[in-house]
Amino acid sequence: MVAIIPALSVAAVVGTTLAALPAQAAGDAAVGKQVFARCVGCHSTTLGENKIGPSLAGVFGRKSGSEPGYNYSPALKAANITWDEHTLDQFLANPATDVHGTKMFVNLPQAADRENVISYLETLK
Ligand code: HEC
């Protein structure tokens with residue numbers, strides 16, 4: 001117990017300090033979580049929970065169209081994209097031109113929104 005209490009208070013202090021820092025301009029997962037409010041209508045962050053769109057838990061690093069139990073468009077299934085910073089950025093800027101025939105039509109025109117939401121997606125391991 002004696003060893004745990006100081007560790008907890010250090011964690012509390014660090015947590016408070018981080019929370020007080022201003023948001024970074026690019027690739028901020030906390031800001032990205034707010035951007036993700038535009039995605040939650042269709043996408044869950046719970047593994048295996050598919051809504052109108054597939055669950056995005058673990059999407060970073062996985063192959064496009066590979067969430068089990070989700071009925072993808074033939075276009076996305078065939079796209080053979082590995083989702084990383086670059087491919088997600090391209091897709092989210094304009095899904096329909098990136099993957100012709102995809103069922104996802106919502107885009108993020110602002111580069112900063114994309115960077116932030118991609119950082120957030122990266123945390124959904
Ligand atoms: C109106 C519903 C809707 C909204 C809102 C939406 N999406 Fe989607 N999304 C979809 C659908 C449907 C698919 C599957 C597309 C297909 O099969 O062609 C998809 C697919 C994806 C994929 C590919 C996943 C995979 O497993 O290959 C990513 C990444 C993605 N969406 C990210 C986002 C992000 C980030 C947002 C918020 C900015 C968002 N989507 C908002 C409906 C939506």
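Basis for what follows: all heavy atoms, side chains included, without hydrogens, waters or symmetry-related copies. For the single chain, residues carry numbers from 1 onward in sequence order. Quantities reported herein were computed from a predicted structural model and do not represent experimental measurements. Atoms within each ligand, like the ligands themselves, are counted from 1 in listed order.
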**Q.** Transitive ILVMFWY side-chain link Val31 to Leu108, under 4.5 Å
**A.** no
Q | Spacing of CZ belonging to Phe60 relative to CG belonging to Leu121, to within rounding of 0.5 Å | A | 8.5 Å
Q | Identity of the nearest option to atom 43 (C) of ligand 1, non-hydrogen atoms only, from Ser64, Cys42, Ala37 | A | Cys42
(Q) Within this structure, what is the CD1-CE distance for the pair Ile52 and Met104, rounded to the nearest 0.5 Å? (A) 12.0 Å
(Q) Let me check something: do Val106 and Leu88 share a hydrophobic cluster, defined by ILVMFWY side-chain heavy atoms less than 4.5 Å apart, either directly or through other members? (A) no
Q.
Heavy-atom pairs closer than 4.0 Å: do any link ligand 1 to the side chain of Leu56, the backbone, both, or neither?
A. side chain
Q: Answer yes or no: is there a side-chain heavy-atom contact under 4.5 Å between Tyr70 and Ser55?
A: no
Q) Backbone or side chain, does any N or O of Lys63 fall under 3.5 Å from an N or O of ligand 1? A) no
Q) Nearest protein heavy-atom contact for atom 16 (C) of ligand 1: which residue, which atom, what distance? A) Ser73 OG, 3.3 Å
Q: Can you sort out which atoms of ligand 1 are near Leu92, meaning under 4.0 Å from one of its heavy atoms?
A: 32 (C), 33 (C), 34 (C), 35 (C)
**Q.** Nearest-option assignment for atom 7 (N) of ligand 1, heavy atoms, candidates His43, Glu67, Arg114
**A.** His43
Q) Atom CG of Asn50 and atom OG of Ser44: how far apart are they, to the nearest 0.5 Å? A) 8.0 Å
Q | Spacing of Leu56 atom CG and Leu47 atom CG [to the nearest 0.5 Å] | A | 11.0 Å
Q | ligand 1 versus Val35: contacting region, heavy-atom distance under 4.0 Å | A | neither
Q) Would you say the side-chain atoms of Asp28 pair up with the backbone N or O of Asn116, donor to acceptor, closer than 3.5 Å? A) no
Q) Roughly how far, to the nearest 0.5 Å, is OG of Ser66 from OH of Tyr72? A) 5.5 Å
Q | Atoms of ligand 1 close to Ile52 [distance to a heavy atom under 4.0 angstrom, numbered from 1] | A | 12 (C)
Q) Does Arg62 approach ligand 1 within less than 4.0 angstrom via side chain, backbone, both or neither, non-hydrogen atoms only? A) side chain
Q. Backbone, side chain, both or neither: what part of Ile81 comes under 4.0 angstrom of ligand 1, heavy atoms only?
A. neither
**Q.** Short side-chain to backbone donor-acceptor contact, His43 and Lys51, under 3.5 Å
**A.** no
Q. For atom 33 (C) of ligand 1, what is the nearest protein heavy atom, given as residue, atom name and distance?
A. Met104 CE, 3.4 Å
(Q) If the cut-off is 4.0 Å to any non-hydrogen atom of Leu108, which atoms of ligand 1 fall inside it? (A) 38 (C)
Q) Under 4.0 Å from any heavy atom of Arg38, which atoms of ligand 1 are there? A) 5 (C)
Q | Side chain, backbone, both or neither: the part of Val106 lying under 4.0 Å from ligand 1 by heavy atom | A | side chain
Q: Measure from atom 28 (C) of ligand 1 to every heavy atom in Phe91, Phe60, Tyr120 and give the option owning the shortest one.
A: Phe91
Q: For atom 26 (O) of ligand 1, find the nearest protein heavy atom and state the residue, atom name and distance (0.1 Å precision).
A: Tyr72 OH, 2.5 Å
Q. To the nearest 0.5 Å, what is the distance between NZ (Lys33) and OG1 (Thr123)?
A. 8.0 Å
**Q.** Distance-only side-chain donor-acceptor flag, Asp84 / Thr87, under 3.5 Å
**A.** yes
Q: Pull out every atom of ligand 1 sitting under 4.0 Å from any heavy atom of Pro54, numbered as shown with elements.
A: 13 (C), 14 (C), 19 (C), 20 (C), 24 (C), 26 (O)
Q.
Count I, L, V, M, F, W, Y as connected when their side-chain heavy atoms are under 4.5 Å apart, and connections chain through other members. Are Phe36 and Ile118 then in the same cluster?
A. yes
(Q) Checking a contact table here: which protein heavy atom is nearest atom 34 (C) of ligand 1, and how many Å away? (A) Cys39 SG, 3.4 Å
Q. Which ligand 1 atoms, with their elements, are less than 4.0 angstrom from a heavy-atom of Thr102?
A. 15 (C), 16 (C), 18 (O)
**Q.** Ligand-side contact atoms (ligand 1) for residue partner Leu88, heavy atom cut-off under 4.0 Å
**A.** 29 (C)
(Q) So if I count the atoms of ligand 1 from 1 in the order they appear, which ones are less than 4.0 Å from some heavy atom of Gly65? (A) 25 (C), 26 (O), 27 (O)
